Amino acid sequence: MDELTLRGEDWYGDDISGRTYAGCAFHDIDMTELVNRGCVFENCTFVSVRFNASKHTDAAFLSCTFRRCHFFDAEFTGCKLVGSAFRECDLRPLRVRGGDWSFVALAGADLRGSRFEDLRMREVDLTGANCAKTEFVDVDLTSAQTHRATFAGADLRGSDLSGLDPFNVELARAVIEPAQAIVIAQAMGIEVRAPRN
């Protein structure tokens, strides 16, 4: 389906698996408890759409824009959201496992208590994002933008933190592995040496 504009529809609990939408606009749609396996959205816009408790598996939201949408308890498994942007969205608590969220814009997002596991988030924009107590486990955060973001109490184990600037993020009580501690220490200009004999 191409370049449709849908407003005020009730998709509560619907199964949209296998559909394709390109250049479509969705306004005030109730997608609560939606089931989505393999549906593709490309260059679509979602405004005030409720994705609460929806489940998305092997689906794609490519270069899509989400404005004032709600994702309470939504799950994304093996999904591609490359180049998509979230603005003024309620994203807590979001659960993401596998897939590719590279180049996604999450600047200023409140991600507290969400879980991201085993996925690519290369060059994701987390500028000013609140990631306190968020889980980023085995996530590729290569070249992520994290200026003024807080990861206080976050679980960052197994994730690529090579692009993290420890002087411009909040890391108090964050959980990391020894190898990651070395990466952060080096980013702070600390010389890490082997123990003395």
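Just so it is clear, the structure is predicted and the values come from calculations on it, not from any experiment.
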Taking every non-hydrogen atom, the tightest pair across Pro166 and Met188:
CG-CG, 3.3 Å

Does atom CD of Glu3 have more than 12 heavy-atom neighbours, drawn from other residues, nucleotides or ligands, at distances under 6.0 Å?
no

Distance, nearest 0.5 Å, that separates CG of Asp138 from CG of Asp160:
11.5 Å

Looking only at non-hydrogen atoms, find the nearest pair between Arg112 and Arg92 and report the distance.
NH2-NH1, 2.8 Å

Here the pair of heavy atoms bringing Gln180 nearest to Arg157 is OE1-CA, 3.6 Å

In terms of heavy-atom contacts, does CZ of Arg97 have more than 12 from other residues, nucleotides or ligands at under 6.0 Å?
no

Pick one: which of Cys64, Cys44, Ser63 meets side-chain contact (heavy atoms from CB on, under 4.5 Å) with Ser84?
Cys64

Mind telling me whether Phe46 and Phe66 have parallel, tilted or perpendicular rings, with 30° and 60° as the class edges?
parallel

Angle class for the Tyr21/Phe26 ring planes (parallel below 30°, perpendicular above 60°, tilted otherwise)?
perpendicular

Are Asp140 and Arg122 close enough for a salt bridge, meaning some N to O gap below 4.0 Å?
yes

Quick check on the hydrophobic clustering: are Leu141 and Val175 connected, directly or via other members, by side-chain heavy-atom contacts under 4.5 Å?
no

Nearest 0.5 angstrom please: Ile29 CD1 to Asp10 CG, how far?
9.0 Å

With the side chain counted from C-beta on, respond yes when Leu119 and Trp101 share a heavy-atom pair under 4.5 Å apart, and no when they do not.
yes

Please confirm whether the backbone N or O of Ser102 pairs with a side-chain atom of Arg120, one donor and one acceptor, at under 3.5 Å?
no

Provide the closest heavy-atom pair for Ala174 versus Phe151 in the form atom of the first, atom of the second, distance.
CB-O, 3.6 Å

Ser114 side, atom OG; Leu91 side, atom CG - distance, nearest 0.5 Å:
7.0 Å

Report the relative orientation of the aromatic rings in Phe86 and Phe71; use parallel for angles under 30°, tilted for 30 to 60°, perpendicular for over 60°.
perpendicular

On the 0 to 90° scale, with breaks at 30° and 60°, tag the Phe76-His56 ring pair as parallel, tilted or perpendicular.
parallel

